[in-house]
Amino acid sequence: MAALASSSSSLLFSPPSLSSSSPHTPRLSLPSLPRSSPPLSFSLSISPSSPSFLAKPHSTPHSASSSSFYVNAAAADKKKVLIVNTNSGGHAIIGFYFAKELLASGHSVTVLTVGEEGSDKMKKPPFNRFSEIVSGGGKTVWGDPADVGKAVGGEAFDAVLDNNGKDLDAVRPVADWAKSTGVKQFLFISSAGIYKPTDEPPHVEGDVVKADAGHVGVEKYISEIFDNWASFRPQYMIGSGNNKDCEEWFFDRIVRGRPILIPGPGMQLTNISHVRDLSSMLTVAVENPAAASGNIFNCVSDRAVTLDGMARLCAKAAGRDVNIVHYDPKTVGVDAKKAFPFRTYHFYAEPRAAKEILGWKGTTNLPEDLKERFEEYVKIGRDKKPMEFPIDDKILESLKVPVAV
């Protein structure tokens, strides 16, 4: 299937250590670093006259040994970390897992969630599990990120993660406050969705991004005002407490004996990570700020999966058979974005920078993780919940495929 069209303007983050499989598209290729070599850190310089992120490598005095990066706060400096967390969407779970992992490592954590504690949104996961953060020694507050100082009661922090804003208007107040109060490290949850579709998957740090994407403007801004910053670009994720359907979309249909309708050939590649991998990458960055500084990291697992493969893995986790039906959204007259939870073209990134620079290792194991997710799916009774599938029914009717009763 042809890649979907994107904005013609683009930005390219291009460190000098790039290698390329084509003469036209530079790609980040970070060499394996010996234990005696210092890790590389990149700072961004963006000029209006140039469409490129220009990376300036500089060495730090810390060891690049992967074993040096997994340290506990008992051995390293304990940090006071503020997580500005979104109150909706799939990214909310990142802040929840990150807070719990930091607390388990001995750090101090405050989670500022957008909005009011008594809102209906807080009755849903992961917010209805915030007691787990409090019982672990963390603090949870609610408020407006535009007035973050008031929301946190004037408390000072060593590091701040913005896991809320998608553009500069939303992030600038948090970033400016962090700068003015002497925050030593600023982290930002961006998105791998800012990459332009490529003929050479997977996406690696340095690939062309959409110049008009809001996350790109944020990355540029924080690179200009902070001495120590890093940006993380996640894709799709699974994990207990997620409030955005991923694997559930497949389970809903599989347990009801309905076909799994996949747009296109089904061989499109994507990346689905367990959120624990995202939180562990962020934690390594907090515990090794010099190594993380000035870098952009694809915050993903290191394995891809096909769309058909995801359907089969979900069916196996549920102990059911699966009937996969492919279709062309244009032919049947549906909007693929409303009919299917993933992009319909190759869309997956590789965590190359995190592995090479931070010594990070992923733990996502989709076959096993999906079994755990299905157990929770059944435990909450979603398999018995009455559901209707009007878009699916329209597609099946167009394809002359009988609808399960």
Side-chain angles (χ1 to χ4, degrees), residues 11-15 17-18 26-33 39-44 53 55-58 60 62 64 66 68-70 81 83 91 94-95 97-98 101-102 159-163 171 185-195 201-209 213 215-216 218-223 226 228-237 271-304 347-364:
L11 291 174
L12 182 64
F13 173 57
S14 50
S17 58
L18 295 173
R27 301 172 68 81
L28 181 64
S29 179
L30 295 171
S32 297
L33 299 175
L40 292 178
S41 179
F42 299 104
S43 58
L44 295 183
F53 283 105
K56 302 174 183 177
H58 55 272
T60 69
H62 300 278
S66 62
S68 68
F69 290 101
Y70 289 90
V81 183
I83 301 171
H91 284 190
I94 298 175
Y97 269 74
F98 183 39
E101 180 151 352
L102 286 172
V160 171
L161 170 71
D162 190 304
N163 183 39
V171 178
Q185 182 185 40
F186 193 89
L187 308 177
F188 174 58
I189 297 295
S190 182
S191 171
I194 66 177
Y195 287 116
H203 291 297
V204 295
E205 298 87 351
D207 279 359
V208 180
V209 297
H215 298 89
V216 173
V218 174
E219 291 177 351
K220 177 179 181 295
Y221 186 70
I222 63 175
S223 75
F226 289 102
N228 193 305
W229 65 274
S231 181
F232 299 81
R233 298 173 176 173
Q235 273 194 242
Y236 305 119
M237 65 200 78
N271 187 300
I272 301 170
S273 311
H274 196 289
V275 69
R276 65 172 177 267
D277 275 354
L278 282 63
S279 66
S280 70
M281 188 183 298
L282 289 164
T283 300
V284 172
V286 167
E287 296 184 342
N288 299 273
S293 181
N295 285 295
I296 291 172
F297 299 100
N298 288 336
C299 201
V300 296
S301 69
D302 53 7
R303 294 290 297 271
F347 175 55
Y348 86 103
E350 175 186 304
R352 186 176 298 178
K355 294 170 81 172
E356 296 284 356
I357 297 173
L358 298 179
W360 172 88
K361 296 179 181 179
T363 63
T364 296

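Only heavy atoms go into these numbers, but all of them, side chains included; no hydrogens, no water, no symmetry mates. Index from 1, following the sequence.
A distance-only check finds a donor-acceptor pair linking the side chain of Ser223 to the backbone of Lys220 [under 3.5 Å]. A donor-acceptor pair under 3.5 Å is formed between the side chain of Glu205 and the backbone N or O of Asn298. Judged by distance alone, the side chain of Ser273 and the main-chain N or O of Val300 form no donor-acceptor pair under 3.5 Å. Between the side chain of Asp277 and the main chain of Thr363, a donor-acceptor pair closer than 3.5 Å is present. Side chain of Asn228 to main chain of Pro289: a donor-acceptor pair is present (N/O by atom type, distance under 3.5 Å, no hydrogens or angles). Side-chain atoms of Asn271 come within 3.5 Å of backbone atoms of Ala349 as a donor-acceptor pair (strictly under, hydrogens ignored).
Residue Thr364 holds its OG1 atom at 5.5 Å from CZ of Arg276, rounded to the nearest 0.5 Å. We find the CG-CD1 distance between Asp162 and Ile222 to be 8.5 Å, quoted to the nearest 0.5 Å. In this structure, CG on Leu358 lies 12.5 Å from NZ on Lys355, to the nearest 0.5 angstrom. Atom CE of Met237 sits about 11.0 Å away from atom OG of Ser301, to the nearest 0.5 Å. Rounding to the nearest 0.5 Å places OH of Tyr195 at 13.0 Å from OH of Tyr348. Rounded to the nearest 0.5 Å, atoms CZ (Phe98) and OG1 (Thr283) are 5.0 Å apart.
Under the 4.5 Å side-chain criterion, counting only non-hydrogen atoms from C-beta, Ile296 is in contact with Trp229. Residues His215 and Val209 form no side-chain contact, since every pair of their non-hydrogen atoms from C-beta on lies 4.5 Å or further apart. Looking at heavy atoms from C-beta onward, Leu282 lies in side-chain contact with Ile94 at the 4.5 angstrom threshold. Contact annotation: the side chain of Ile189 approaches that of Pro234 to within less than 4.5 Å [non-hydrogen atoms, C-beta and beyond].
Of the candidates Trp360, Phe188, Phe297, Phe232 forms a ring pair (Phe, Tyr, Trp, His ring centres under 6.0 Å) with just one, namely Phe297.
Note on ring orientation: taking the six-membered ring where Trp is involved, the planes of Tyr97 and His274 are perpendicular (angle over 60°, cut-offs 30° and 60°).
Nearest heavy-atom pair across Arg233 and Ser191 is CB-C, 3.6 Å. Of all heavy-atom pairs spanning Glu219 and Ser231, the tightest one is OE2-OG, 2.8 Å. Between Pro202 and Glu350, the closest heavy-atom pair is CG-OE1, 3.5 Å. In plain terms, the two heavy atoms of Ala292 and Gln185 that are nearest each other are CB-NE2, 4.4 Å.
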Test side-chain contact (heavy atoms from CB on, under 4.5 Å) applied to Val286 and Leu187, step by step: CA-CA 9 Å; Val286 167; Leu187 308 177; 3.8 Å; yes
Give the C-alpha distance, both sets of side-chain angles, the deciding distance and a yes or no for side-chain contact (heavy atoms from CB on, under 4.5 Å) between His203 and Gln235. CA-CA 11 Å; His203 291 297; Gln235 273 194 242; 5.7 Å; no
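Residues forming a side-chain hydrogen bond (donor to acceptor under 3.5 Å, both in side chains) with Ser279 (at least two apart in sequence, or on another chain): Glu101.
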